Protein chains: 2
Amino acid sequence: MARGLARDHDEKRAALRHGAAQYFARHGFDRASMTGAAKSCGVSKALIYHYYPSKEDLLFDILDDHLGALVEVVEAARSEGIRGLIRAVLSAYEDADAEHKLQLDALSVLPADKQAPLIAHQRRLVAIMSDAVSAEAPALTPDRLRAATMTVFGIVNWFYMWHRPGKGLSRADYADLAGDFVLGGLRDLT
Amino acid sequence: MARGLARDHDEKRAALRHGAAQYFARHGFDRASMTGAAKSCGVSKALIYHYYPSKEDLLFDILDDHLGALVEVVEAARSEGIRGLIRAVLSAYEDADAEHKLQLDALSVLPADKQAPLIAHQRRLVAIMSDAVSAEAPALTPDRLRAATMTVFGIVNWFYMWHRPGKGLSRADYADLAGDFVLGGLRDLT
DNA sequence: AATACTCTTGACCGCTCGGTCGGTTTTGTG
DNA sequence: CACAAAACCGACCGAGCGGTCAAGAGTATT
């Protein structure tokens with residue numbers, strides 16, 4: 001027998017994942033070339049293919065990692081109500097804006113069988129948020145509950161589209177504002 | 001002198017625009033090929049290049065048309081308050097979901113000089129909505145006003161991500177719900 | 001020290017893309 | 001009717017893409 005994987009194998013893989021996510025998010029997944037992603041990570045393209053079998057697999061791992069972590073965070077904040085969930089989601093995006101953006105506009109480039117587990121993660125997020133919405137506005141019919149839940153996701157998922165770090169409200173301040181907004185919005189909903 | 005443009009020149013251009021928008025939106029602008037767009041419009045690729053000088057120019061025209069129409073609709077609904085604006089925007093998307101989706105995820109592929117006029121349109125929309133938000137919650141500081149305005153856009157712009165025609169609430173019903181939600185959300189904001 | 005495998009690279013390959021070209025058909029105008 | 005330009009097409013082209021490969025350097029095991 002000879003040597004196994006390097007000690008820092010997983011860290012390097014993770015670094016590739018994060019570096020590629022930044023590059024993919026900045027240029028758009030389809031437009032972003034593997035050559036460019038590699039260069040932006042400071043390695044050769046062939047090296048990426050040493051760690052990942054294809055561009056698609058790399059994307060999958062980026063999203064799976066991101067969504068997995070998000071589900072964990074959200075599950076931990078489950079008991080804190082909508083305010084807590086909103087704060088948790090927004091702060092989880094803190095260093096993962098790129099991954100978040102990718103999730104929203106590149107998930108659909110994956111084939112159905114690779115989308116499925118990611119969509120399953122998303123559904124868990126939706127289910128948790130839906131419970132919190134339901135607790136706040138118990139009279140909602142199923143259709144209206146779903147609409148209200150998606151309204152909340154619209155608010156938090158839109159954040160990265162307009163927020164520029166260092167300008168305007170901080171993430172934490174916006175989390176408070178959004179929490180107030182959502183609670184006020186749900187108060188009279190039936 | 002010989003013949004000028006065909007009588008239906010503009011209609012054909014518009015049909016190309018709409019057909020291509022559907023195709024681009026379904027497959028993603030970068031992934032969508034001109035060959036495919038042409039086929040989906042029932043014409044040859046060379047014909048598209050007879051009407052449009054490049055894929056980029058075609059995209060620009062699609063977005064410019066869409067945003068121009070949206071600005072008109074929103075300006076007309078200016079006096080009806082937030083409720084009216086939300087209803088106007090959502091119903092304007094009725095037959096333009098594809099164009100709307102493109103606007104959100106393909107605008108950034110255009111070079112800066114082609115983005116500029118489109119962004120100018122967007123700013124007018126934001127300004128109008130901002131006025132309406134301000135009328136509803138007059139005490140907001142500029143930063144918080146901007147955040148609240150973007151929150152409203154998050155709600156309406158997210159709609160196409162989760163709504164499936166024929167399932168759940170209708171557009172009009174959601175417009176009502178979103179209107180209630182926003183008014184409730186703004187009520188206590190300072 | 002020998003070795004077997006990982007890590008890393010530059011050069012290369014087949015393919016599809018945006019775009020062009022030469023040509024035919026159609027049509028408004030003089 | 002003559003004819004010039006618009007309307008339309010199939011075939012083609014260079015570029016850049018995702019992905020492969022053969023080979024060198026480094027290193028944990030025996």
Side-chain angles (χ1 to χ4, degrees), chain A residues 1-21 23-63 102 106-111 114, chain B residues 1-21 23-63 102 106-111 114:
Chain A
M1 270 291 185
R3 61 179 301 210
L5 298 179
R7 264 182 298 278
D8 57 356
H9 181 92
D10 286 353
E11 288 88 322
K12 280 196 175 150
R13 244 173 93 101
L16 248 30
R17 229 152 38 214
H18 191 63
Y23 187 80
F24 288 163
R26 174 144 56 247
H27 295 83
F29 181 73
D30 288 317
R31 214 154 247 257
S33 70
M34 287 296 269
T35 308
K39 207 164 294 182
S40 132
C41 292
V43 301
S44 72
K45 178 170 66 163
L47 188 65
I48 297 194
Y49 282 95
H50 174 71
Y51 286 94
Y52 279 100
S54 73
K55 191 185 185 186
E56 222 170 60
D57 283 281
L58 173 53
L59 174 62
F60 175 83
D61 238 39
I62 291 170
L63 300 186
L102 269 182
L107 193 152
S108 64
V109 319
L110 291 174
K114 279 187 186 156
Chain B
M1 268 291 184
R3 61 180 300 213
L5 297 180
R7 262 182 298 276
D8 58 356
H9 180 92
D10 287 352
E11 288 89 322
K12 281 198 172 146
R13 245 173 92 102
L16 249 32
R17 229 153 36 214
H18 191 63
Y23 188 79
F24 288 163
R26 174 144 56 247
H27 296 83
F29 181 73
D30 288 316
R31 234 176 173 67
S33 70
M34 288 297 268
T35 308
K39 207 163 295 180
S40 131
C41 291
V43 301
S44 72
K45 179 169 67 164
L47 187 64
I48 297 194
Y49 282 94
H50 174 70
Y51 285 94
Y52 280 100
S54 73
K55 191 185 186 186
E56 220 170 63
D57 283 281
L58 174 53
L59 174 62
F60 175 84
D61 239 38
I62 291 171
L63 300 186
L102 269 182
L107 193 151
S108 64
V109 319
L110 291 173
K114 279 187 186 156

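Just so we're on the same page: letters track the sequence lines, and every chain starts at 1. Since the model is a prediction, treat every value here as computed from it, not as a measurement.
- In this structure, A:Lys39 forms no cation-pi arrangement with A:Tyr23, as its terminal cationic atom is not both closer than 6.0 Å to the ring centre and no more than 45° off the ring axis.
- Scanning atom types as modelled, one donor and one acceptor separated by under 3.5 angstrom connect the side chain of B:Lys45 and the base of C:dG19.
- For the pair B:Glu11 CD and D:dA7 P, the computed distance is 12 Å after rounding to whole Å.
- Closest approach to the B:Tyr51 side chain among C:dC7, D:dC8, D:dG18 is made by D:dC8 (side chain taken as heavy atoms from C-beta onward).
- At whole-Å resolution of the value, CG in B:Leu59 and C1' in C:dG18 are 14 Å apart.
- Residue-level contact check: B:Tyr52 touches neither bases nor backbone, having no heavy atom under 4.0 Å from any strand.
- Residue B:His9 has a polar side-chain atom (N or O) positioned under 4.0 Å from OP1 or OP2 of D:dA7.
- Atom CG of A:Asp10 and atom C1' of C:dT6 are 14 Å apart (whole Å).
- The separation between A:Lys39 atom NZ and D:dG18 atom P is 13 Å, rounded to whole Å.
- We find that NE2 of B:His27 is positioned 15 Å from P of C:dT16, with the value rounded to whole Å.
- In terms of phosphate contacts, B:His50 brings no side-chain nitrogen or oxygen within less than 4.0 Å of OP1 or OP2 of D:dC8.
- Considering only the side chain of B:Ser54, C:dG19 comes nearest among C:dT9, C:dG19, D:dA7.
- The base of C:dG19 does not come close enough to the side chain of B:Lys55 for any donor and acceptor atom to sit less than 3.5 Å apart.
- Using a 30° and 60° split on the angle between ring planes, A:His9 and A:Tyr51 fall in the tilted class, from 30° to 60°.
- Residue A:Ser33 is in sugar-phosphate contact alone, with no base atom involved, counting any heavy-atom pair closer than 4.0 Å across all strands shown.
- Across the protein-nucleic acid pair, A:Asp57 atom CG and D:dT20 atom C1' stand 16 Å apart, rounded to whole Å.
- For the pair A:Leu59 and A:Lys114, the minimum side-chain heavy-atom distance is 4.5 Å or more.
- Residues A:Val109 and A:Glu56 have side chains not in contact (no heavy-atom distance under 4.5 Å, counting atoms from C-beta outward).
- In terms of modelled atom types and a separation under 3.5 Å, the side chain of A:Lys45 and the main chain of A:Ser33 share no donor-acceptor contact.
- When heavy atoms are screened at a 4.0 angstrom cut-off, B:Ala32 is found touching the sugar-phosphate backbone but no base atom.
- Nucleotide C:dC7 holds its P atom 8 Å from the CG atom of A:Asp8, rounded to whole Å.
- Rounding to whole angstrom units, CD1 of residue B:Ile48 and P of C:dT20 are separated by 14 Å.
- In the set C:dG19, D:dT20, D:dA7, the nucleotide with an atom closest to the side chain of A:Tyr49 is D:dT20.
- Residue-to-nucleotide proximity on DNA chain D shows that, of A:Pro53 and A:Arg31, the 5′-proximal contact is made by A:Arg31.
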